[in-house]
> 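My questions all concern the structure below.
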Amino acid sequence: MTAIQETTQTGLADRYGRVATDLRVSLTDRCNLRCTYCMPEEGLDWLAKPELLTDDEVIRLVSIAVTHLGVNEIRFTGGEPLLRRGLVGIVASTTQLTPRPEVSLTTNGIGLARQAQALKDAGLDRVNVSLDTIRPDTFKRLTRRDRASDVVAGLEAAQAAGLTPVKVNAVLMRGVNDAEAPELLEFCLDRGYELRFIEQMPLDAQHGWDRSTMITADEILETLSGRFALTPDDASKRGSAPAESFLVEGGPQTVGIIASVTRPFCGDCDRVRLTADGQVRDCLFARTESDLRTALRNGADDAELADRWRRAMLQKLPGHGINDPSFLQPSRPMSAIGG
Ligand code: SAM
Ligand code: SF4
């Protein structure tokens, strides 16, 4: 049997022919920003410490995913993963696994200036930093915190440490930062960061998402086209990558658009998620979860945990259903799932 056949038979296959190889691990549901599209000003009822997987438990489950289940990409996220005290150690253990997975981090960048080199030394490959605006006043309005300069410093430190390519994620909100998209792109192009705009999704804790006010991929393209010549990047093999890529002024630099709402890419999804409290989620929008923490704490061995994880994938639906009239937002918000 070839290695590829083996992975397909023993990996994280769903009922629709997709195999998950990209694991998003939430290390905490807490955050030091309060982005309006994500959570309310007062924050949320954070998970209690005993509910959180310990560092060793995270490493055990990540190790099972890589060595038993064919996962070859690990992204640590949250909440804000830089708030997790054991982050560097978790990254170091993950990068020592065989086969060596790609390891990346999605962060709001606050405190990255301090930790970038240690993360690089631990083997981290890349970072995605969220930055929706380069104007400090807009940043404060969007995140309810006056920390724009910390994020810019974090981006610089990530690049200096070689956590490249540095990617920037941006969400646009109508009447807040949508008109600033071209200047954000200019900022990223000047510094060699890869910018991707993400359509706002119905995953905020306040359930305030409204289809009629969200900024669509078409609108983003139109706004950017006022300043830049954009052409589809045919050379980029999109595969399971969610971002549609466009060459800016003929290339080689690009800008990406992740149109989860208006151009869903569920048919090519290769993701699976593990929450900070040890629940497998087969989709951001899943309304069910599979508990690995209880089995793990009750002494299940690796084979049993792997088997539970495989079975969890069989519940994965063909699509997220945002555009169905019967769509119901999941009870956990993005910050508690791991974006
Ligand atoms: N705190 C980190 C950060 O902001 O990068 C990691 C977690 S955050 C939930 C991951 C990504 O999700 C960020 O890029 C953020 O902008 C995005 N995000 C949060 N809420 C969103 C929403 N309702 N729709 C689309 N993207 C969202
Ligand atoms: Fe925090 Fe990230 Fe949510 Fe903003 S998007 S509040 S940085 S978890």
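Ligands are counted one by one from 1 in listed order, and the atoms in each one are counted from 1 as well.
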> Is a side-chain donor-acceptor pair under 3.5 Å present for E199 with S260?
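No, no side-chain donor-acceptor pair sits under 3.5 Å.
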
> Taking side-chain contact (heavy atoms from CB on, under 4.5 Å) as the criterion, tell me which of M313, R281, R311, Q315 meets it with S290.
Q315

> May I ask you to list the atoms of ligand 1 that are less than 4.0 angstrom from any heavy atom of G79?
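Under 4.0 Å from G79, ligand 1 has these atoms: 1 (N), 2 (C), 6 (C), 7 (C).
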
> Looking only at side chains, do R75 and S104 share a donor and an acceptor under 3.5 Å apart?
yes

> List the closest protein heavy-atom neighbour of atom 8 (S) of ligand 1: residue, atom name, distance to the nearest 0.1 Å.
G78 O, 4.4 Å

> Going by the atom numbers of ligand 1, which of them fall below 4.0 Å from some non-hydrogen atom of V171?
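The atoms of ligand 1 under 4.0 Å from a heavy atom of V171 are 16 (O), 26 (N).
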
> Ignoring hydrogens and angles, state whether a donor on the side chain of T216 or D218 is under 3.5 Å from an acceptor on the partner side chain.
no

> May I ask you to list the atoms of ligand 1 that are less than 4.0 angstrom from any heavy atom of T77?
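Counting from 1, the qualifying ligand atoms are 6 (C), 7 (C).
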
> What's the shortest distance from atom 24 (N) of ligand 1 to any protein heavy atom, and which residue and atom give it?
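Here the closest protein heavy atom is M201 N, 2.8 Å.
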
> Please name the pair of heavy atoms, one in N177 and one in V171, separated by the smallest distance, quoted to 0.1 Å.
ND2-O, 2.9 Å

> Consider only side-chain N and O atoms of N32 and E80, and report whether a donor and an acceptor are under 3.5 Å apart.
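Judged by distance alone, the side chains do not pair up.
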
> Compare all side-chain heavy atoms of R332 with those of T275 and state whether any distance is below 4.5 angstrom.
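Yes. Closest side-chain heavy atoms under 4.5 Å.
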
> Just checking, any donor-acceptor pair under 3.5 angstrom between side chains of T21 and E73?
no

> State, yes or no, whether a side-chain contact exists between Y193 and E156 at a heavy-atom distance under 4.5 Å.
yes

> Give every donor-acceptor pair under 3.5 Å between a side-chain atom in residues 59-70 and any protein atom, sequence neighbours left out.
unit_1, atom_1, unit_2, atom_2, d
R60, NE, D302, OD1, 2.8
R60, NH2, A300, O, 3.0
R60, NH2, D302, OD1, 2.8
T67, OG1, S63, O, 2.7

> Checking contacts here: is it the side chain or the backbone of T107 that comes within 4.0 Å of ligand 1, counting heavy atoms only? Could be both or neither.
backbone

> Closest by any non-hydrogen atom to atom 9 (C) of ligand 1: pick that one out of M39, R196, M334, R30.
M334

> Donor-acceptor pair, D125 side chain versus V103 backbone, under 3.5 Å?
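Checking the backbone N and O of V103 against the side chain of D125, a donor-acceptor pair under 3.5 Å is found.
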
> Got an N/O contact under 3.5 Å between Y37 and ligand 1?
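Yes; at least one N/O pair falls below 3.5 Å.
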
> With only distance considered, is T106 within less than 3.5 Å of ligand 1 through an N or O on each side?
no

> Any idea which protein heavy atom is nearest atom 14 (O) of ligand 1, and the distance to it?
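Going atom by atom, the protein heavy atom closest to atom 14 (O) of ligand 1 ends up being S130 OG, 2.7 Å.
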
> If the cut-off is 4.0 Å to any non-hydrogen atom of Q200, which atoms of ligand 1 fall inside it?
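Within the 4.0 Å cut-off of Q200, ligand 1 contributes 24 (N), 25 (C).
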
> Going by chain and residue number, what protein N/O/S atoms come nearer than 2.8 Å to atom 4 (Fe) of ligand 2?
C35 SG

